[in-house]
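Structure first, commentary second.
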Amino acid sequence: MPTNAPHSLTALRDYLRLDTDFAVLADALPWRSDPHLAACLAAFPGLRLPKQPFGETLLCFLCSATKQIVQIKQMVALLAQNHGAVINCGAGSPNPAKAAFGNASLHALPTWTELAQIPEDELRRCLLGFRARYIKQTALFLAECPGWLEETEALPYPDAKARLMKLPGVGEKVADCVLLFGAAKLEAFPVDTWILKALARRYDLTDWSPAQLTRFGRVHFGEAAGFAQQYLFAYERASALGAI
DNA sequence: CTCCAGGTCTGGT
DNA sequence: ACCAGACATGGA
């Protein structure tokens with residue numbers, strides 16, 4: 001562990017925003033008393049938690065409900081391709097993405113303002129299914145409330161979470177993902193199917209209810225629970241794929 | 001064909 | 001407060 005690892009939660013957040021080596025955050029986790037977490041940390045020594053744009057994170061996780069990760073990627077790619085502004089990478093512009101994608105035009109994700117203009121049935125063409133309605137309604141709400149997203153991101157975790165959960169399609173899990181990945185709120189502990197499996201299987205809690213497992217995770221992993229969540233998630237998926 | 005996927009909402013007890 | 005179905009769609 002580097003000796004300059006930050007020790008307060010505020011310092012950890014600042015550290016996160018620099019997109020440096022986040023492995024030092026492990027120091028804030030109870031891995032010394034937790035053999036499984038220790039194994040996860042050892043299995044993914046380079047794991048990072050980059051802070052991503054708040055609004056884009058919200059869009060991506062509004063797509064995520066009961067979908068496989070490969071499919072979520074495809075939905076997001078279609079949203080960009082069909083409705084996002086073209087990113088200029090003409091001749092002379094040293095855009096590394098152009099080398100990677102050849103002459104295919106690159107698109108940004110559509111902004112919430114742009115999404116508010118798109119008919120729901122057109123959004124549905126991006127394989128969104130029933131999620132199209134959530135995205136459309138959220139876009140219409142955000143269009144009526146300029147600054148709402150920025151204000152939400154600036155709030156403390158519990159207030160930000162409560163506000164996000166007022167959006168259609170945003171429940172506890174999606175709100176936690178948006179705050180963990182899009183706002184670097186390390187207290188956020190998103191509980192998805194993988195985390196439920198990990199808590200039940202790796203902590204010998206097979207007869208616990210999902211609500212009890214959730215509470216266990218939030219209490220056990222503490223102030224940097226979201227960082228622990230990433231390790232549990234990565235480990236459980238790799239394990240399912242036979243990579244571990 | 002059936003089951004599940006980085007869930008949420010709604011309408012029942 | 002807790003529980004079952006519905007919700008779209010594709011991959012395993």
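Chain identifiers are assigned alphabetically (A, B, ...) following the order of the sequence lines, protein sequences preceding nucleic acid strands; residue numbering begins at 1 within each chain. In this text the structure is predicted, and so the values were computed from the model without any measurement.
Note that NE2 of His220(A) is 12.5 Å distant from CG of Leu213(A), once rounded to the nearest 0.5 Å. For the atom pair Ile118(A) CD1 and Leu79(A) CG, the distance stands at 7.5 Å (nearest 0.5 Å).
Nearest-nucleotide assignment on DNA chain B puts the 5′-proximal partner with Ser64(A), out of Pro168(A) and Ser64(A). Residue whose closest nucleotide on DNA chain B sits further toward the 5' end, between Arg131(A) and Gly171(A): Arg131(A).
Base engagement by Gln230(A) is indicated by at least one non-hydrogen atom pair under 4.0 Å involving a base atom. Among the atoms of the strands shown, only primed sugar atoms or phosphate atoms (P, OP1, OP2) are found under 4.0 Å from some heavy atom of Leu167(A). Residue contacts shown for Glu172(A) are limited to sugar-phosphate atoms, with no base heavy atom under 4.0 Å away. Among the protein residues, Lys197(A) comes within range of the sugar-phosphate backbone only, with heavy atoms under 4.0 Å from sugar or phosphate atoms but none that close to a base.
Using atom P as the reference point in both dG11(B) and dA8(C), the two lie 15 Å apart (nearest Å). Across the C1' atoms, dG6(B) and dA4(C) are found 22 Å apart, a figure rounded to whole Å.
As rounded to whole Å, 16 Å separates atom P of dC4(B) from atom CG of Asp192(A). In this structure, Phe181(A) atom CZ and dG6(B) atom P are separated by 13 Å, rounded to whole Å. Gln68(A) places its CD atom 8 Å from the P atom of dG11(C), with the value rounded to the nearest Å. Rounded to whole angstrom, the span from the CD atom of Gln74(A) across to the P atom of dA5(B) amounts to 19 Å. Computed from coordinates, the Leu59(A) CG to dG6(B) P distance equals 18 Å when rounded to whole Å. Between the C1' atom of dA5(B) and the CG atom of Leu127(A) lies a distance of 14 Å, rounded to the nearest Å. The CD1-C1' distance, from Ile69(A) to dG7(B), rounds to 14 Å in whole Å. Taking atom CG on Leu196(A) and atom C1' on dA5(B), their separation rounds to 13 Å, with Å as the unit.
By the 6.0 Å contact criterion, CG on Asp204(A) is open, its count of non-hydrogen atoms from other residues, nucleotides or ligands being 12 or less.
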Where protein sits on nucleotides 2-7 of chain C, one letter per nucleotide: B base, S sugar-phosphate only, - none, heavy atoms under 4.0 Å: -----B

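Screening Glu187(A), Glu172(A), Glu153(A) against Lys161(A) for a salt bridge (Lys or Arg N to Asp or Glu O under 4.0 Å) leaves a single residue, Glu172(A). Leu128(A) pairs in a side-chain contact (heavy atoms from CB on, under 4.5 Å) with only one of the listed residues (Arg133(A), Glu120(A), Lys67(A), Met75(A)), which is Met75(A). Screening Phe221(A), Phe233(A), Phe227(A) for a ring pair (Phe, Tyr, Trp, His ring centres under 6.0 Å) involving Phe189(A) leaves a single residue, Phe221(A).
In this structure, Phe61(A) forms no aromatic stack with the base of dG6(B), since the conditions of centre separation below 5.5 Å and plane angle below 30° are not both met.
Between Lys197(A) and Asp192(A), none of the side-chain N atoms (NZ, or NE/NH1/NH2) sits under 4.0 Å from a carboxylate O, so this pair counts as no salt bridge.
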For Phe141(A) and Trp148(A), what are the C-alpha separation, side-chain angles and deciding distance, and is it a ring pair (Phe, Tyr, Trp, His ring centres under 6.0 Å)? CA-CA 9 Å; Phe141(A) 172 81; Trp148(A) 192 93; 5.3 Å; yes

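A donor-acceptor contact under 3.5 Å links the side chain of Gln229(A) to the base of dG6(B). A donor N or O paired with an acceptor N or O is not found under 3.5 Å between the base of dT8(B) and the side-chain atoms of Lys173(A).
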